Amino acid sequence: MRRCGEGGQPNEDGVQGWDQFHANEKLFGTATTYKEEIYTSKLDRSRLTEEQIRRAELLAKQIEKEREGSAAVEQEAVGDDDSWATDVHR
């Protein structure tokens with residue numbers, strides 16, 4: 001399992017951001033029993049052709065780009081984090 005570094009700093013894998021498992025362990029003393037192997041399959045890249053690898057990398061880039069675009073559109077629609085509070089009518 002990949003863990004984020006302390007305070008949002010990248011860990012040894014370069015992963016940065018919030019890690020719910022680490023946060024729960026630190027804040028509440030709970031340890032996860034989550035095992036990635038149960039939910040995913042190992043991929044033997046040696047059995048893939050160069051074309052399959054190129055196609056997979058292209059699709060991954062497209063998915064990441066779509067996520068970035070969706071987040072920007074959502075943020076624009078919502079506004080800043082406190083904007084909802086200013087629209088409350090009493």
Side-chain angles (χ1 to χ4, degrees):
M1 175 178 14
R2 298 164 140 193
R3 291 205 178 273
C4 295
E6 290 294 319
Q9 298 301 311
N11 69 5
E12 62 278 356
D13 295 329
V15 176
Q16 183 174 352
W18 183 72
D19 180 331
Q20 71 183 33
F21 302 113
H22 179 73
N24 284 335
E25 188 174 343
K26 188 172 182 177
L27 294 171
F28 307 111
T30 59
T32 183
T33 58
Y34 173 79
K35 292 184 177 21
E36 188 172 326
E37 309 81 47
I38 294 173
Y39 303 100
T40 61
S41 299
K42 287 278 185 191
L43 182 63
D44 183 0
R45 288 182 64 123
S46 68
R47 298 183 68 182
L48 301 176
T49 65
E50 289 297 319
E51 178 59 30
Q52 289 173 317
I53 293 170
R54 273 195 302 276
R55 177 84 174 128
E57 289 171 349
L58 176 63
L59 289 171
K61 287 179 184 176
Q62 289 174 343
I63 291 168
E64 290 300 319
K65 187 175 181 181
E66 288 174 12
R67 284 185 187 166
E68 290 171 8
S70 295
V73 169
E74 182 179 338
Q75 181 63 32
E76 185 177 309
V78 173
D80 63 35
D81 291 338
D82 295 330
S83 65
W84 62 271
T86 61
D87 295 334
V88 176
H89 300 285
R90 295 183 187 245

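Predicted, not measured: the structure shown is a model, and the values here were computed from it.
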When hydrophobic residues are tied together by side-chain contacts of less than 4.5 Å, even through go-betweens, does Leu43 share a cluster with Tyr39?
->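 No, because Leu43 and Tyr39 fall into different hydrophobic clusters, even though each may have its own neighbours under 4.5 Å.
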Quick one: pull up [atom1] in [X] and [atom2] in [Y] and give me the separation to the nearest 0.5 Å.
X: Thr33; Y: Ile38; atom1: OG1; atom2: CD1; result: 7.5 Å
X: Asn24; Y: Thr30; atom1: CG; atom2: OG1; result: 4.5 Å
X: Ile63; Y: Leu58; atom1: CD1; atom2: CG; result: 10.0 Å
X: Asp19; Y: Glu25; atom1: CG; atom2: CD; result: 9.0 Å

Glu64 vs Lys61, salt bridge (Lys or Arg N to Asp or Glu O under 4.0 Å): CA-CA, chis, key distance, verdict = CA-CA 5 Å; Glu64 290 300 319; Lys61 287 179 184 176; over 6 Å; no
Taking NZ, NE, NH1 and NH2 as the nitrogens, is one of them in Glu57 or Arg54 under 4.0 Å from a carboxylate oxygen of the other?
-> no
